[in-house]
Number of protein chains: 2
Amino acid sequence: MALTRAEQRRQTEDRILAAARRLFADNGYDRTTIRAVAAAAGADPGLVMRYFGSKDELFARVAEVPSDGPVSGSPEEVAELLLAALDGKLRGDLSGTLAMLRSMLTHPDAGQEMRAAISGQQRQVAAALPADDALLRAGLIGALTLGTIIGRDLLGLDGVRDADVADIVRVLRPAVHAIARPPG
Amino acid sequence: MALTRAEQRRQTEDRILAAARRLFADNGYDRTTIRAVAAAAGADPGLVMRYFGSKDELFARVAEVPSDGPVSGSPEEVAELLLAALDGKLRGDLSGTLAMLRSMLTHPDAGQEMRAAISGQQRQVAAALPADDALLRAGLIGALTLGTIIGRDLLGLDGVRDADVADIVRVLRPAVHAIARPPG
DNA sequence: CACATCGGTCAACGGCTGTAGACTGAACGG
DNA sequence: CCGTTCAGTCTACAGCCGTTGACCGATGTG
């Protein structure tokens with residue numbers, strides 16, 4: 001079963017991308033080297049450069065910022081939408097997202113991109129909340145989401161790391177509603 | 001006003017420590033170089049090594065993990081204690097803590113130390129919560145705290161970065177209570 | 001079959017890093 | 001006043017990094 005050149009190339013690219021995703025997610029941007037990615041993919045460092053241009057471009061290819069759909073409705077509905085989105089994130093394959101999360105505090109571009117992504121979601125949520133501190137409330141829901149994923153997947157907190165996703169969402173539900181619903 | 005040798009040395013050490021705190025907090029462990037710390041402190045790189053031994057030891061000297069007092073009481077009381085602790089953290093000088101937070105996702109030792117610190121607090125909180133998922137609940141309160149500080153001080157989220165500490169705590173209060181108080 | 005293309009390999013570059021050690025000169029203690 | 005201590009400086013090493021460009025050999029194409 002001889003491979004065509006195009007097939008061969010795509011296979012190698014995929015191996016490099018998979019290795020990069022895993023290493024960036026495990027070690028962050030700075031501690032991940034082109035040489036290590038190449039070795040993990042069974043390829044040559046020079047090849048990685050030729051295919052992806054630079055370390056930054058490779059990182060941009062695999063570090064995904066989670067983009068949620070639009071949200072609207074009553075505060076209660078918005079809260080449920082956000083909880084459903086969190087549920088999905090906690091269940092899905094996070095390796096691309098973890099690469100971004102792991103690097104966002106030390107790699108300026110990653111931090112900027114993550115900040116922008118949260119801001120987008122935040123503004124939509126704020127628009128649906130009838131409170132004058134709506135932006136603060138939306139931001140704190142984002143912070144709760146962020147902290148939960150970091151605590152579970154990056155720090156591995158006891159009691160969170162091995163918890164069922166359903167349990168996490170169940171415990172968080174009243175909290176998200178409490179932030180979304182202004183007092184009164 | 002001639003300085004004694006001891007005074008001179010302590011002044012230089014302090015300048016180095018202050019510069020290291022700021023640079024580690026701003027840029028994280030990997031992107032902070034001994035040379036940059038020395039330059040910011042108006043000192044020589046070799047001197048930094050002589051006084052603090054290694055980059056890791058210097059980091060350990062300035063990267064503080066926030067240690068809260070013991071907590072106990074009813075779930076409501078515990079929630080209030082945690083909110084008061086968060087209030088204090090958000091008001092105080094965080095530069096040492098930010099150095100730790102900024103680096104915890106990419107520097108293994110920092111991550112380990114932060115994880116251990118949260119675990120300690122977490123176990124105390126869990127012991128006070130009458131629920132079989134108490135550890136999960138305690139961990140998620142920790143995640144909320146973590147996310148809030150990261151969102152405000154490290155990512156600078158809109159609506160959170162410039163919010164009054166009192167407002168942040170006010171919005172978070174019902175959420176923390178909701179997680180601490182088991183349903184029923 | 002001859003030639004161009006392109007996946008893959010290799011060696012090297014310049015730069016930056018943490019760290020070590022020799023050195024200078026002024027503040028100390030006897 | 002002499003010898004020691006020690007803050008501070010300078011230079012250098014060894015290693016790792018991202019990136020580059022020359023090279024090889026098999027696959028494509030006319």
Side-chain angles (χ1 to χ4, degrees), chain A residues 1-24 26-63 99 102-103 106-110, chain B residues 1-24 26-63 99 102-103 106-110:
Chain A
M1 55 166 289
L3 293 176
T4 74
R5 251 201 311 217
E7 289 169 334
Q8 182 71 275
R9 155 129 194 192
R10 210 173 61 83
Q11 276 198 12
T12 304
E13 275 192 0
D14 287 350
R15 264 185 297 126
I16 294 173
L17 287 173
R21 223 182 325 264
R22 192 172 61 78
L23 289 177
F24 279 132
D26 287 351
N27 308 322
Y29 181 87
D30 287 317
R31 291 175 121 91
T32 299
T33 68
I34 294 280
R35 284 169 165 88
V37 169
D44 186 90
L47 204 60
V48 176
M49 294 301 297
R50 184 113 72 84
Y51 287 169
F52 299 97
S54 70
K55 183 182 178 181
D56 272 287
E57 292 178 73
L58 177 61
F59 179 74
R61 283 281 244 107
V62 300
R102 174 88 68 186
S103 307
T106 41
H107 189 298
D109 291 1
Chain B
M1 54 165 292
L3 293 176
T4 75
R5 251 201 313 215
E7 288 169 335
Q8 182 72 274
R9 154 128 195 193
R10 210 173 61 82
Q11 275 197 15
T12 305
E13 274 193 0
D14 287 351
R15 263 184 298 128
I16 294 174
L17 287 173
R21 220 180 330 261
R22 191 172 60 80
L23 289 177
F24 279 132
D26 287 351
N27 308 322
Y29 182 87
D30 286 317
R31 291 174 120 91
T32 299
T33 67
I34 294 280
R35 284 169 166 85
V37 170
D44 187 90
L47 205 61
V48 176
M49 294 301 296
R50 185 113 72 84
Y51 287 169
F52 299 98
S54 71
K55 184 181 176 181
D56 271 288
E57 293 178 73
L58 177 61
F59 179 75
R61 283 281 244 108
V62 301
R102 174 90 66 186
S103 307
T106 41
H107 189 296
D109 292 0

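Chain A is the first sequence line, chain B the second, and so forth, proteins listed ahead of strands; every chain is numbered from 1. None of these values were measured; they are calculated from a predicted model.
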Visitor: With a non-hydrogen cut-off below 4.0 angstrom, is A:Arg5 in contact with a base, only sugar-phosphate, or nothing?
Guide: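 Base, at least one base atom sits under 4.0 Å.
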Visitor: Tell me whether the OP1 or OP2 atom of C:dG8 has a side-chain N or O from A:Thr12 closer than 4.0 Å.
Guide: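 Yes.
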Visitor: To the nearest Å, how far apart are A:Asp44 CG and D:dC23 P?
Guide: 17 Å
Visitor: Taking 4.0 Å as the cut-off, does a side-chain nitrogen or oxygen of B:Tyr51 come that near to OP1 or OP2 on D:dG8?
Guide: yes
Visitor: Once you round it to whole Å, what is the distance between P of D:dA7 and CZ of B:Arg15?
Guide: 13 Å
Visitor: CG of B:Asp30 versus P of D:dC17: gap in Å, rounded?
Guide: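 Computing the B:Asp30:CG to D:dC17:P distance gives 12 Å.
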Visitor: On DNA chain C, compare the nucleotides closest to A:Ala43 and A:Arg35; which residue's is nearer the 5' end?
Guide: A:Ala43
Visitor: Does B:Glu13 or A:Thr32 map to a spot on DNA chain D nearer the 5' end, using the closest nucleotide for each?
Guide: B:Glu13
Visitor: Would one find more than 12 heavy atoms of other residues, nucleotides or ligands at under 6.0 Å from atom CZ of A:Arg15?
Guide: yes
Visitor: Take the protein atom CG of A:Asn27 and the nucleotide atom P of D:dC17, then report the distance between them rounded to whole Å.
Guide: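 One finds 12 Å between P of D:dC17 and CG of A:Asn27, rounded.
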Visitor: Can you see if the side chain of A:Gln8 gets near the phosphate of D:dT27 - specifically, an N or O under 4.0 Å from OP1 or OP2?
Guide: no
Visitor: Quick check for you: among D:dG18, C:dG18, C:dG7, whose closest atom lies nearest to any side-chain atom of B:Lys55?
Guide: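 Of the candidates, C:dG18 comes closest.
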Visitor: Find out whether the Lys NZ or Arg CZ of A:Arg9 is both under 6.0 angstrom from the six-membered ring centre of A:Tyr51 and within 45° of the ring's axis.
Guide: yes
Visitor: Classify the side-chain pair A:His107/A:Asp56 by whether it contains a donor and acceptor separated by less than 3.5 Å.
Guide: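 A pair is found: one side chain offers a donor N or O, the other an acceptor, under 3.5 Å apart.
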Visitor: In whole angstroms, how far is the C1' atom of C:dT17 from the CZ atom of B:Phe59?
Guide: 18 Å
Visitor: Pick base, sugar-phosphate or nothing for B:Phe52, based on heavy-atom distances below 4.0 Å to the nucleic acid.
Guide: nothing
Visitor: Can you name the closest pair of heavy atoms from A:Arg22 and A:Ala40 and give their distance?
Guide: NH2-CB, 4.3 Å
Visitor: DNA chain D: A:Ala6 or A:Tyr29, which has the more 5' nearest nucleotide?
Guide: A:Tyr29
Visitor: Between D:dT20 atom C1' and A:Ile34 atom CD1, what is the distance in whole Å?
Guide: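 Computing the A:Ile34:CD1 to D:dT20:C1' distance gives 13 Å.
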Visitor: Where does the angle between the aromatic ring planes of A:Phe59 and A:Phe24 fall among parallel (under 30°), tilted (30 to 60°) and perpendicular (over 60°)?
Guide: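 Perpendicular, since the angle between the ring planes exceeds 60°.
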Visitor: In terms of the nearest nucleotide of DNA chain C, which residue is placed more toward the 5' end: B:Gly46 or A:Gly42?
Guide: A:Gly42
Visitor: Just the rounded figure in Å: distance from P of D:dT9 to CD1 of B:Ile16.
Guide: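 Roughly 10 Å, once rounded to whole Å.
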Visitor: Between C1' on C:dG18 and CE on B:Met49, what's the gap in Å once rounded to a whole number?
Guide: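 From B:Met49 CE to C:dG18 C1': 6 Å.
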Visitor: So which nucleotide from D:dT19, D:dG8, C:dT19 ends up closest to the side chain of B:Leu47?
Guide: D:dG8
